[in-house]
2 protein chains.
Amino acid sequence: MTAETTGGDLSRLRHLNALTAIRVLRADEAGFTLTELARRTGLSRASTEDVVRDLTERGWVAEAEKTAGGVGRPARRYRFRADAGHLLGVDIGRHRVLALLTDLDGKVLHSHRVEAAPGLGRIERLAATDDAVRGVLRAGALSGDRLWASGVATTGLVDGTGKVMLSEALHEWTGVDLAAHLGRLVTGPVLVENDSKLAALAESWQGVARHSRDVVFILSGVATGAGLIIDGKLHRGFGNAAGEIGALPAVGWTRAPEHLRDWPGEGDIFAAARDGDRRAVAAIKRYVKDLAVGVSALVLTLDPELVVVGGGFAGSADLLIGPLRAELDRWCIRTPEIRVSTLADRGVALGAVKLAADHVGTVLASGSGLTSIDQFARA
Amino acid sequence: MTAETTGGDLSRLRHLNALTAIRVLRADEAGFTLTELARRTGLSRASTEDVVRDLTERGWVAEAEKTAGGVGRPARRYRFRADAGHLLGVDIGRHRVLALLTDLDGKVLHSHRVEAAPGLGRIERLAATDDAVRGVLRAGALSGDRLWASGVATTGLVDGTGKVMLSEALHEWTGVDLAAHLGRLVTGPVLVENDSKLAALAESWQGVARHSRDVVFILSGVATGAGLIIDGKLHRGFGNAAGEIGALPAVGWTRAPEHLRDWPGEGDIFAAARDGDRRAVAAIKRYVKDLAVGVSALVLTLDPELVVVGGGFAGSADLLIGPLRAELDRWCIRTPEIRVSTLADRGVALGAVKLAADHVGTVLASGSGLTSIDQFARA
DNA sequence: TTCATTATGATGGAGACCATCATTAAAGGC
DNA sequence: GCCTTTAATGATGGTCTCCATCATAATGAA
């Protein structure tokens, strides 16, 4: 008896059917005919028409181009109006701030990148963040009050209200209230979350983990982190500290990147390794060995379908995956499939967008969410 | 846009409302008046009456005793007919087999215990299992074809079909097809799962983890294991091997119980420790130290609200919890609350019952589940 | 031009919910 | 013992949502 969905009156049924219709419509930008939609929602054609009329009146659905060429009377097509609203995703990284402006389906419309030195203080880094946000809004010719929701990614632990509780990687960063800060540039909800968690979310949304319900994501870069997707959802943990296996001293995640940073040779260690430099190969091996202990702990705990490797080092994944798999084989009962992220340095920011998108989704699913599209489009 | 619940036609709405009503009714054995029920389901009184009439006709609900003493016309009371069906839960342990016969709400009606030596072979252990099942059915004056569903707990990894894939703790146990074996004694679905996982399930059902969504359960006994409750549900993992952190050599879970077994003194080590025996205290300390490494890995991975300690050693938890908390404080970012199981040696078997109960719940939630109670009561 | 094909839109009907109100049944005061 | 108060019951009428069905409309092909 797991049913969370409590029934209700007839309007509730209509609401559920409208949500189903929207979910189907969002699957294809080109839209659907009523007949197709009826088949996919399981409703009758007549009811489907009713639902679509409703949603059109309320601004959620629009008529799309008819497709020519078929036999018989050409059908009208309807599509979800993903362009009706905008979402913002911001990744506040060590070296730069990246802001993405997307439509409601998370299609990136504009991006803006602002460099930031690793040693930057709180004020300067927040200023860089503002620049990135303003830049991307300018590119999209939007003002901040036209955003439906915004997501922000940062290193460190984040509390429920959007404050950074603890950050070791960035200077003077602990205690920053990012939700409040961003709230001065944009209206609408601002959601803040840890960067590794958001990168994981992005992978399960648009990345290589799209079709997997249980995923361990490893952020492999100058800092090491993890994010967990469990049963298709981001797992945060009771104190928002899930995936922090790196805190265990036996897991050498703090030490691991040093093998690559402090290697005895010159230039890019990965290039050197590809050229056959033995010391480079050995250093990478040490890195993977350290990394793999933590990954094994995560994998043994969760038994995921998939491990995804992302972060700055993922670009050199050809050198990492093989050794990593070998190490996992040593420790794990069942080594999961290992894949490399293809989202490049956008993964974290995309996860932030997804955070915003999920917030909108929650509002829609809740009671009065679909009443009118105007409730989101403020003044 | 997470909505899994797809709408449908009016009968679907009625079905959802009927499920809600049953969920409310199950919360109190004494039953509810229509007015109370209407308030809790959110339906109008009239519709509630309709739903209840339906459910009564189909056998799911019965009228209960009126409560005397109030002012005004005494209301009829209605209750869920938990007694309409029976569930079986079997725990095949190292030293004994325990079978529980319960009603649909998991209230234990009868239990039957059959001793089994640790060294028993496959045939003999299966025979003991049969004895336990037959015994508890006899006690309840039921034949095996009156069971709605059965759950079985065993050590080792279990595959999706009810076969034991790998068991190190029991002799000749790997490869046993428990679902098929039990299927000869009972009709209805037989569900098989790992014992640690089921003990965790039991805690989140009727135990100290009732109100927590994310729980790490530790089975502390002659063998060590873990079960995870994530977002209120049992987390199995892709290959059903979640929680097997003990497989990591750095985590001394195989070695841990030996500290207690091989301690240099005589008699019960816990009694000795309470009497102030230093060697006993030291051995327990070593045990907890080993245990805590694995628990820390689980806690850091999941950041649960709660850690529950169960299993054979839980009876001496007064000696374990303090040191365990101290060890976790050393490693974890945020040490969760730690509680001791109160389900004693029934926990695992109760989890097996819950497995069966959930299966019934799934059938009810699915489409035609509530049509008539007769679909479950065979022959 | 006519036919085959497919989408559209209107009609009538059934099921599920709700609000409202007259009726019924008990407890307690007179 | 009768009357009042309280609260549940059961019936009525209305609305909403969905469905099946059918006449109509629009297009390509013969």
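Throughout, protein chains are lettered first and strands after them, A, B, ... in sequence-line order, and every chain is numbered starting at 1.
OP1 or OP2 of C/dC18 has at least one side-chain nitrogen or oxygen of B/Ser47 nearer than 4.0 Å. Close to D/dA20, at under 4.0 Å from its OP1 or OP2, lies no side-chain N or O of A/Ser44. An OP1 or OP2 oxygen of D/dA8 is reached within less than 4.0 angstrom by no side-chain nitrogen or oxygen of B/Arg76.
Rounded to whole Å, atom C1' of D/dC18 lies 15 Å from atom CG of A/Asp9. The distance from atom CZ of A/Arg73 to atom P of D/dG28 is 13 Å, rounded to the nearest whole Å. The nearest whole Å value for the distance from the CZ atom in A/Arg53 to the C1' atom in C/dT8 is 11 Å. At whole-Å resolution of the value, CZ in B/Arg77 and P in D/dA7 are 15 Å apart. Rounded to an integer number of Å, the gap from B/Leu43 CG to C/dA16 P is 13 Å. Taking atom CZ on B/Phe32 and atom P on D/dA7, their separation rounds to 19 Å, with Å as the unit. Taking atom CD of residue A/Glu49 and atom C1' of nucleotide D/dA20, one finds them 14 Å apart after rounding to whole Å. At whole-Å resolution of the value, CZ in B/Arg14 and C1' in D/dC16 are 15 Å apart.
When the nucleotides C/dT8, D/dT27, D/dT17 are ranked by their closest atom to the side chain of A/Leu10, D/dT17 comes out on top.
A donor-acceptor pair under 3.5 Å is absent between the side-chain atoms of B/Lys107 and the main chain of B/Asp83, judged by distance alone.
When each of A/Val51 and B/Leu34 is assigned the nucleotide of DNA chain D bearing its nearest heavy atom, the one mapping closer to the 5' terminus is B/Leu34. DNA chain C is contacted by both A/Arg45 and A/Gly8; A/Arg45 maps to the nucleotide lying nearer its 5′ end (nearest heavy atom per residue).
Nearest heavy-atom pair, B/Leu13 versus A/Leu10, reported as atom, atom and distance to 0.1 Å: CD2-CD2, 3.8 Å.
Under the 30°/60° scheme for interplanar angles, the aromatic rings of A/Trp60 and A/Trp148 are found to stand perpendicular.
Salt bridge status for B/Glu193 with B/Arg236: present, with a side-chain N to carboxylate O gap under 4.0 Å. Under 4.0 Å is where a charged nitrogen must lie from a carboxylate oxygen, and between B/Glu49 and B/Arg45 at least one such pair does.
Backbone-only engagement by A/Asn17 is indicated by non-hydrogen atom pairs under 4.0 Å involving sugar-phosphate atoms exclusively.
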